Amino acid sequence: MLKKNKLKLVTNVLAKAIKLWLRTQVSHIEKFQLDIQAGNRQILSGYIPSVSIIAQKAVYQGLHLSKVDLVAQNIRINIGSILKGEQLRLLEKVSVFCELSQVEEDLSASLSSTLLSTALNDILAKFLSEDSLNSKSMSWQQVQIKDNQLVINGTIGEENNPQAVLFCLGLNLFSPHELKIAPIYVTSNTKILFESSDGEYLNLGSDVEIQYLKLIPGKVICRGMINVNP
């Protein structure tokens with residue numbers, strides 16, 4: 001009985017440590033469910049075969065995620081240190097399989113993030129002349145999600161003389177590690193500033209592997225794998 005209670009205590013401490021670690025990875029999260037799938041001996045050795053997490057309204061590096069469903073496998077952690085009250089640390093790289101969705105409201109809120117705003121500004125800077133683009137004066141306000149297309153409203157120019165800009169870009173999965181952004185249309189007051197059917201390719205890096213990407217009216221759905229390094 002004493003051994004069973006001790007193992008239950010270890011499991012509870014581990015669950016709290018995982019929740020605390022997750023909260024350090026995001027700046028905001030409304031609610032999430034945690035399921036640890038591991039035997040008693042595995043937990044005591046610091047090995048967890050699988051952890052599943054379902055989270056809603058999470059904010060990661062300024063990106064607002066409507067819903068996230070994660071499954072991490074073959075996790076090795078510093079269980080000895082955790083039982084002493086220290087923070088959870090990964091001892092090895094972990095592959096996390098995830099499915100996430102974003103609705104228009106959350107994607108629009110993500111426009112102020114460094115990750116998304118920099119990516120949009122870099123695309124525009126590549127295609128538009130310096131006369132028509134001043135990256136320091138770019139401001140993005142709203143996103144509409146259509147079939148395989150994003151329509152983004154923004155402004156270019158000084159605060160007292162802003163120029164409305166409509167940025168339309170197709171978004172498709174080119175390979176597990178690469179997105180194809182095409183076609184691209186940039187208009188201002190019905191005037192075409194730029195259009196390209198060739199578009200641009202965005203390399204996501206070797207730690208990201210997207211298996212499914214779909215844009216439907218009002219929502220983006222994505223499934224894939226990402227490596228989380230210690």
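Note that this is a predicted model, so its numbers are computed, not measured.
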same_hphob_cluster([X], [Y]) at 4.5 Å side-chain heavy-atom cutoff:
X	Y	result
F97	L34	no
F32	V228	yes
F174	I210	no

Checklist entry - Under 3.5 Å, is there a donor-acceptor pair between the Q33 and D35 side chains? => result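 No pair is found: no donor N or O on one side chain lies under 3.5 Å from an acceptor on the other.
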
Testing the basics here: between [X] and [Y], what is the closest heavy-atom pair and its distance to 0.1 Å?
X	Y	value
S117	S113	OG-O, 2.7 Å
L111	Q141	CD1-C, 3.5 Å
A182	G199	CB-CA, 3.7 Å
V71	S52	CG2-CB, 4.2 Å
S188	A164	OG-O, 2.7 Å
S206	N227	O-ND2, 4.2 Å

Next on the checklist: Take a 6.0 Å sphere around CD of Q42 and say whether it holds more than 12 heavy atoms from other residues, nucleotides or ligands.
Outcome noted: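 Counting other residues, nucleotides and ligands, CD of Q42 exceeds 12 neighbours.
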
Next on the checklist: For Y60, I'd like to know if atom OH has over 12 heavy atoms of other residues, nucleotides or ligands within 6.0 Å.
Outcome noted: no

Would you say the side-chain atoms of [X] pair up with the backbone N or O of [Y], donor to acceptor, closer than 3.5 Å?
X	Y	result
S66	V103	yes
S175	E178	yes
E104	I145	yes
S108	V143	yes
T118	L115	no
E99	G224	no
S110	H64	yes
N203	G205	yes

Item to check | Derivation and outcome, side-chain contact (heavy atoms from CB on, under 4.5 Å), residues L171 and L179 | outcome: CA-CA 7 Å; L171 187 63; L179 299 178; 4.1 Å; yes

Item to check | Derivation of the side-chain contact (heavy atoms from CB on, under 4.5 Å) call for E209 and H177 | outcome: CA-CA 5 Å; E209 184 176 309; H177 307 286; 4.3 Å; yes

State, yes or no, whether a side-chain contact exists between [X] and [Y] at a heavy-atom distance under 4.5 Å.
X	Y	result
F167	I184	yes
S101	K67	yes
V151	L166	yes
C168	Q149	yes
L202	I181	yes

Checklist entry - Does a side-chain N-to-carboxylate-O contact under 4.0 Å join K57 and D106? => result yes

Result block: side-chain N/O donor-acceptor pairs under 3.5 angstrom for residues 74-90, not counting sequence neighbours:
unit_1: N74; atom_1: OD1; unit_2: Y47; atom_2: OH; d: 2.7
unit_1: N78; atom_1: OD1; unit_2: R89; atom_2: N; d: 2.7
unit_1: N78; atom_1: ND2; unit_2: Q87; atom_2: O; d: 3.2

Checklist entry - How far apart are the C-alpha atoms of W140 and I152, what are their side-chain angles, what is the distance that settles it, and do they pass the side-chain contact (heavy atoms from CB on, under 4.5 Å) test? => result CA-CA 7 Å; W140 303 103; I152 308 171; 3.5 Å; yes

Checklist entry - Looking at CG of D147 and NZ of K214, how far apart are the two atoms once the value is rounded to the nearest 0.5 Å? => result 6.0 Å

Checklist entry - CG of L116 to CG of L107: how many Å apart, nearest 0.5 Å? => result 6.5 Å

Item to check | Full working for side-chain contact (heavy atoms from CB on, under 4.5 Å) between V59 and L63 | outcome: CA-CA 5 Å; V59 181; L63 298 176; over 6 Å; no

